Amino acid sequence: MRSGLLVLAAADIVRSLPQTVSEKPDNLDRRLMNGLGKTPALGWNSWNQGGCEAATAVVALNTASAFINLGLRDVGYTYINIDDCWSTTSRNSSGYLVPDPNKFPQGIKALTDQIHSMGLKFGLYGDAGTMTCAGHPGSQGYEVQDAKLLASWGVDYWKHDNCYTPCNAGLQQTCTNPAGSSQTWYIKMRDALLSSGRPIFYSLCNWGRDNVWTWGADVGNSWRMSIDNWGNWADVVRIASEAAPIASYSAAYGFNDLDMMIIGNGRLTTAEERTHFGIWAISKSPIIMGTDLTKLTTERLNLIKNRALLAINQDSLGKAATTFRPSGAASPVSGQLYPYWAGPLSDGVVVGLVAPDGAQTLSVNFADVPGLGAGTFAWTELYSGHTGSGISVSANLNAHDMAVFKVVRIASG
Ligand code: GLA
């Protein structure tokens, strides 16, 4: 039974004709009607942690235990997602996907049952083409059968990748001249999941192809808007810069997905990890951890458990922050990290200040911030807990560091 539907308001369950670019991007009538993902997904995924090798029941269960023991479940992390390489390399004689018996000796159903009994949810990965990116069977032509199988296993989340899809020319794996729009094949799986008998969170992974943000909300609960977060600071910068101009397409039930986190992979400084987490949080991206959580330092654990930042990410308004240009500041440059970010909240405004190059003191007048204006405001910096009030705020930042302020009006100007 799709019980999730019963609690939705009428506006949420009316899905009208496919969206066109000219229409208002945050029209809630056009959100996917599966009742899931009102706020961005919080969880973990095996891929950035260990690629194919991390796609095992043991790793999934260790991570689920870590969610509980480290207090991650208590702050909202819910999804344990296994990515590519969980299945054998061919379907069985009845056309079904088969869990790799070496990695999932009890099968998937036993694993989902166990994860559900821990108060968590379980996600799996597949592909819209003939094969996944790592060469395991894809769902092309098997959408209905696969969706029913996932439902029978109790799977809660499905990430649908875009490798080996219909291609005119170019590398089959990540075809640069596709035969058609990826919207066509993503809709097929949407419809299969919707009629599978189970509400399944649908995570689109077409790497931002075909301007997915303009139609993603009608098809999935979240959509990857860029190529992968390969694990370096340069990737954080690239993705943040691409996310800012399309921020307005995120709203309740459908969000730009900035890709999985790389906190704890050893390639970012502490400051860079703060900025990575901060921008993903205020951009209303899913926050899907991608490293071995049992090995996180206390400092990193505290970062990803920052309740104030998570509350911004999970704010019921669901509007993503974007860049704004204070008077006198230079314009944003494509591909570079811009220092000034802001976005509306149900109970205030979030303001982010980022030092893109060296150490820097950044200040902003609240009069320059969209959604604020003249008046006096109270602010809280969400990493340090520092508070203050006035008509402006400033931050002394290390190179690549970020301060995030929640700002609330206390007197009119
Ligand atoms: C693509 C996706 C990644 C990951 C890999 C798995 O590159 O974008 O997130 O799922 O495939 O092969």
Side-chain angles (χ1 to χ4, degrees), residues 40-56 59-60 63 79-90 97 99-100 103-104 122-140 146 150 155 157-167 170-176 178 182 185-186 189 200-213 216 219-232 234-236 238-239 242-243 255-265 267 276 280 285-292:
L42 299 177
W44 167 91
N45 173 294
S46 55
W47 188 253
N48 283 356
Q49 175 169 321
C52 285
E53 304 210 333
T56 70
V59 174
T63 307
Y79 288 100
I80 303 287
N81 294 345
I82 291 292
D83 208 90
D84 207 348
C85 309
W86 60 269
S87 72
T88 52
T89 48
S90 46
L97 292 168
D100 183 330
K103 296 175 163 185
F104 299 90
F122 180 71
L124 268 184
Y125 159 102
D127 192 279
T130 52
M131 286 197 286
T132 70
C133 299
H136 293 254
S139 293
Q140 189 180 305
D146 289 354
L150 299 172
V155 169
Y157 180 116
W158 179 251
K159 171 175 166 184
H160 208 48
D161 214 341
N162 195 41
C163 280
Y164 299 100
T165 46
C167 188
L171 188 66
Q172 288 287 321
Q173 192 193 31
T174 53
C175 179
T176 45
S182 55
W185 41 89
Y186 279 90
M189 194 64 185
I200 298 178
F201 186 108
Y202 186 28
S203 157
L204 314 184
C205 179
N206 79 342
W207 322 306
R209 296 260 176 98
D210 304 313
N211 294 332
V212 60
W213 44 88
V219 180
N221 300 105
S222 64
W223 49 90
R224 282 273 305 279
M225 39 58 69
S226 183
I227 55 170
D228 291 13
N229 186 359
W230 298 111
N232 296 309
D235 298 302
V236 173
R238 162 182 52 88
I239 295 169
E242 289 176 24
F255 296 96
N256 287 315
D257 175 354
L258 276 59
D259 200 9
M260 300 165 301
M261 310 300 289
I262 52 172
I263 288 170
N265 76 354
R267 288 193 250 163
H276 176 23
W280 266 238
S285 173
I287 298 181
I288 305 290
M289 302 310 299
T291 49
D292 185 344

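Just so you know, ligand 1 is whichever comes first in the structure, and atom 1 is the first atom listed for that ligand. Note that the coordinates shown come from a computational prediction; the quantities given were computed from them, not determined experimentally.
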Atom pairs, nitrogen or oxygen, ligand 1 to protein, under 3.5 angstrom:
| unit_1 | atom_1 | unit_2 | atom_2 | d |
| --- | --- | --- | --- | --- |
| ligand 1 | 7 (O) | D228 | OD2 | 2.9 |
| ligand 1 | 8 (O) | W207 | NE1 | 3.1 |
| ligand 1 | 8 (O) | R224 | NH1 | 3.3 |
| ligand 1 | 8 (O) | D228 | OD1 | 2.6 |
| ligand 1 | 8 (O) | D228 | OD2 | 3.4 |
| ligand 1 | 9 (O) | K159 | NZ | 2.8 |
| ligand 1 | 9 (O) | R224 | NH1 | 3.3 |
| ligand 1 | 10 (O) | D83 | OD1 | 3.4 |
| ligand 1 | 10 (O) | D83 | OD2 | 2.6 |
| ligand 1 | 10 (O) | K159 | NZ | 3.0 |
| ligand 1 | 11 (O) | D161 | OD2 | 2.8 |
| ligand 1 | 12 (O) | D84 | OD2 | 2.7 |

| Just by modelled atom types, is the S182 backbone N or O under 3.5 Å from a matching donor or acceptor in the D210 side chain? | yes

| By side chain to side chain donor-acceptor pair (under 3.5 Å) - contacts of S139 (at least two apart) | D146

| task | Return the set of residues passing side-chain contact (heavy atoms from CB on, under 4.5 Å) with D228 (not counting sequence neighbours), or none when no residue passes. | result | W207, R224, W230, D259

| query | disulfide bond (SG atoms under 2.5 Å apart) with C85: which residues, sequence neighbours excluded? | reply | C52

| Under the criterion ring-ring contact (aromatic ring centres under 6.0 Å, His included), which of Y79, F122, F255 is the partner of F201? | Y79

| query | So D161 and Y125, side-chain hydrogen bond (donor to acceptor under 3.5 Å, both in side chains) or not? Walk me through it. | reply | CA-CA 8 Å; D161 214 341; Y125 159 102; 2.7 Å; yes

